[in-house]
There are 2 protein chains.
Amino acid sequence: MARANLTPAVVIAAAAQLADREGFDAITLSALARHFGVQTASLYSHVRDRSALLDSVQELALGELADRIAIAIGGRSQRDALTALADAHRDYARQFPGRWAALQRPAAATTVRSDAAGRLVALTLAMLRGYQLPETELVHATRLLGATINGFLALEVAGSFGHREPPADASWQRALSALDTAFRFWPTEGNH
Amino acid sequence: MARANLTPAVVIAAAAQLADREGFDAITLSALARHFGVQTASLYSHVRDRSALLDSVQELALGELADRIAIAIGGRSQRDALTALADAHRDYARQFPGRWAALQRPAAATTVRSDAAGRLVALTLAMLRGYQLPETELVHATRLLGATINGFLALEVAGSFGHREPPADASWQRALSALDTAFRFWPTEGNH
DNA sequence: GATTAAAACCTAATAGCTTTAGGTTTCTCC
DNA sequence: GGAGAAACCTAAAGCTATTAGGTTTTAATC
């Protein structure tokens, strides 16, 4: 029985690719075993269980997304940075729908504390600081931003916009304008 | 073999309750069969397959949510109506997490064309008309509203806000303020 | 009440997935 | 070469979804 020379990273990467090709739910231990030419049970040498594998794909996606955002927002501020950050999310979701779907599941504690998650939060805060929001309001703004972006992408991915007029791109621009407006007119300290 | 006197509606309602109690993924044909004291295969007399059952739970949830929104926004306009509509969503998601989760799946064509879906859209448009948005902008605004609300609730449900400061309620208020601001300052025709 | 047909139920089977326990093989180090 | 660890396999158990065909119940008609 020749060794397939698997490692956790190799298995996780294959799972991510499988998700992008066939959907997040297509990540199964049995499908991956077929892909590597080993028995399903053999994969437990490399991943604790299916749930841990999915957590790992999520963390991989967080890191990749953070990388893309870092590049996208470099040298930009306010509306430009907001657009760049949001577009990075949307491009990622469109290019890697399976990886993006992995981001929608509840995060394990280790993932919340991961380097990748920390980077993503830091980049988002950096972008928002360009709007001179009160320090105490930054978390609220971060949550709104995340909610709007992910909410929009979730609807888009679910086909809620279908092939209906107006095109989703225009709605996306409107959403970004709305966010920009909201951040520029954010109520100051004590006014809420 | 006594008849369990099942009907599609009875099965769908039980599925919805099961989802609220144990999570959306807990809706399985076998769990429902155990609940009714019949064999799993017997349920196929009442539902086409699992997917169709989940579609039906979604449509049930759409109708219930529309009912609640209709009551909540009655007699209100602008910021009040917006708050009432959004709070109806959030209250529903918190009281019926399983039903709410059913709303997140891609809608079947029959669901998109359902009475319930139509009512929900009409109610949302009615609320938005209180902002005097240009007619051509209403769909964009509807999409932004849906995205923000559902995005926020998805994050909340996923535990993204955890038990972290600041409390999610405050962030919710901020989000509603942001939406109100966005709708009041929505770019007029030709400015986007 | 008897008959008929349809619907609701059951049985059996198939196919697929996840995971555990214990056995076998491969690889690395001494 | 030997020892030990890790990676692999086999076997089994448990769960789910679904189909095909058989059995039972029910409602309608005469």
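Numbered from 1 within each chain, the chains take letters A, B, ... in sequence-line order.
Put simply, the side chain of Arg94(A) does not reach to within 4.5 Å of the side chain of Trp100(A), judged on heavy atoms. Between Glu156(A) and Ser160(A) there is no side-chain heavy-atom pair separated by less than 4.5 Å. In this structure, Ile149(A) and Trp172(A) have side chains that are in contact, with non-hydrogen atoms separated by less than 4.5 Å.
Between Arg76(A) and Thr83(A), the side chains place no donor N or O within less than 3.5 Å of an acceptor N or O (distance only, hydrogens not considered).
A centroid separation of 6.0 Å or more is found between the aromatic rings of Phe185(A) and Tyr131(A).
If you check residues 14-34 of chain B against DNA chain D, the residues with a heavy atom closer than 4.0 Å are Thr28(B), Leu29(B), Ser30(B), Arg34(B), listed by number. Using a 4.0 Å cut-off on heavy atoms, the residues of residues 48-58 of chain B that approach DNA chain D are Asp49(B), Arg50(B), listed by number.
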Could you list, one pair per line, each protein nitrogen or oxygen that sits under 3.5 Å from a nitrogen or oxygen of nucleotides 6-10 of chain D, together with the distance?
residue	atom	partner	partner atom	Å
dA6(D)	N3	Arg3(A)	NH2	3.3
dA7(D)	O4'	Arg3(A)	NH1	2.9
dC8(D)	OP1	Ala4(A)	N	2.7
dC8(D)	OP1	Asn5(A)	N	3.3
dC8(D)	OP2	His46(A)	NE2	2.6
dC9(D)	OP2	Gln39(A)	N	2.7
dC9(D)	OP2	Ser42(A)	OG	2.5

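In this structure, CD1 in Ile71(B) is found 10.5 Å from CG in Leu123(B), a value given to the nearest 0.5 Å. In this structure, CG on Leu145(B) lies 14.5 Å from NE2 on His140(B), to the nearest 0.5 angstrom.
Shown are Thr142(A), Leu125(A), Leu128(A); of these, the side-chain contact (heavy atoms from CB on, under 4.5 Å) with Leu133(A) is made only by Leu128(A).
Hydrophobic clustering, with ILVMFWY side chains joined whenever heavy atoms are under 4.5 angstrom apart, groups Leu176(B) together with Leu155(B).
At a threshold of 4.0 Å, the pair Asp91(B)-Arg68(B) does not count as salt-bridged, since none of the basic side-chain nitrogens sits closer than that to a carboxylate oxygen.
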